[in-house]
K.L.:
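Attaching a single structure in structure tokens format; questions to follow.
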Amino acid sequence: MPESPALYPPIECYDHGFLKVTDLHTLYYEQSGNPQGKPVIYLHGGPGGGVSAHDRRYFDPAVYRTILLDQRGAGKSTPTASLEDNTTWSLVTDIEMLRKHLGIDKWVVFGGSWGSTLSLVYAQEHPDRVKALILRGIFMLRKSELNWFYEFGGASNIFPDAWDEYIKPIPEEERGDMVAAYHKRLTGDDEDERVRCAKAWSTWECSTSKLFVDPVEVAKATEDVWALAFARIECHYFFNKGFFKTDAHILENVNKIRHIPATIVQGRYDVVCPATSAWELHKAWPEAQFEFTHDCGHSAKEHGTTARLVQAADEYKSL
Ligand SMILES: CNCC(=O)c1nnc(C(C)(C)C)o1
């Protein structure tokens, strides 16, 4: 798939570093664009997906001081794929540590899929630190959302071919709870089984993230190191229900952020995080700008969604 014409040109980061946030975890971050610019933090998906140079390109480098962060265990953060002391709440604390480390008072927060989950939770915990929210492919980590994509009877009806590959590593008798079955193997002692299951789990997500299956995305799922981090960390968070006390935690706390300027962008044909979650968030938060991108699935890289995300970032330059 050719890249979107809406993206800003490729750029290098002008700074990068490693922030030790606990005795165990050290996080990779980088800065690009204008060092004196308006800060924006990009929160990647998964969790466990990690950041890439592509992620710098949603933001005008003349205006934004763009910060990318590899969350615990993801990307270049270490220990790679570590699940120890890796929770939604520890990531919120990490984001605040990074903000203070970089001497930032307030910033625009940008996130898609799990990145939208983390962006929403961070904003609800620290509303005074968020200038605006740009959210894509809304994921609130409710049981219904997990069931739709990772258990029988939901997305499996749209991608039955890819689904058959996803269930292959799991014996029939354990297929009643796929997240638990994968969690047992992704955290087990058998390294070969961990890698095999990580690739199957990641291939299922990468095969369904776009309206038109993208072989480049699917190929990413066969990279052992990336697949292990992505699958282990995702499954760890889902098995633990996002570490939320209640299933609808994010919706229950929307009132804490309804005053914050925000744009919600949702692919109409998003099979990974179907439109119903974005629509429920929109109804609970009518002040936020909301748009379906009519020819898109889950990915931020589909042209309609990319263009709307860049437009949102351009709109918030004036804040
Ligand atoms: C709910 N998990 C999906 C997610 O957050 C995500 N982030 N990146 C991806 C792909 C690599 C599949 C595009 O999915």
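Remember, it's 1-based here, ligands and their atoms both numbered in the order they're listed.
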K.L.:
Strictly under 4.0 Å, does any heavy atom of E217 approach an atom of ligand 1?
P.N.:
yes

K.L.:
Looking at atom 14 (O) of ligand 1, what's its closest protein heavy atom, distance included?
P.N.:
E205 OE1, 3.2 Å

K.L.:
Decide ring-ring contact (aromatic ring centres under 6.0 Å, His included) for Y182 and W201; before the verdict, give the C-alpha distance in whole Å, the side-chain angles of both, and the deciding distance to 0.1 Å.
P.N.:
CA-CA 8 Å; Y182 263 97; W201 173 286; 5.3 Å; yes

K.L.:
For N86 and Y237, does a side-chain donor sit closer than 3.5 Å to a side-chain acceptor?
P.N.:
yes

K.L.:
Starting at OH of Y29, measure out to CD1 of I67 and round the result to the nearest 0.5 Å.
P.N.:
10.0 Å

K.L.:
Quick one: does ligand 1 sit under 4.0 Å from the side chain of H44, the backbone, both or neither, non-hydrogen atoms only?
P.N.:
neither

K.L.:
Please state whether G49 comes within less than 4.0 angstrom of ligand 1, counting heavy atoms only.
P.N.:
no

K.L.:
Measure W114 to ligand 1 on non-hydrogen atoms and call it side chain, backbone, both or neither using the 4.0 Å cut-off.
P.N.:
both

K.L.:
Ligand 1 versus W204, non-hydrogen atoms closer than 4.0 Å: side chain, backbone, both, neither?
P.N.:
neither

K.L.:
Looking at side-chain heavy atoms only, is the closest gap between F230 and K220 below 4.5 Å?
P.N.:
no

K.L.:
Need the ligand 1 atom indices (1-based, order shown) with element for anything under 4.0 Å from a heavy-atom of Y150.
P.N.:
1 (C), 2 (N)

K.L.:
In Å and rounded to the nearest 0.5 Å, what is the CH2 to CD distance from W204 to E165?
P.N.:
11.0 Å

K.L.:
When you compare the side chains of T293 and T305, does any donor N or O come within less than 3.5 Å of an acceptor on the partner?
P.N.:
yes

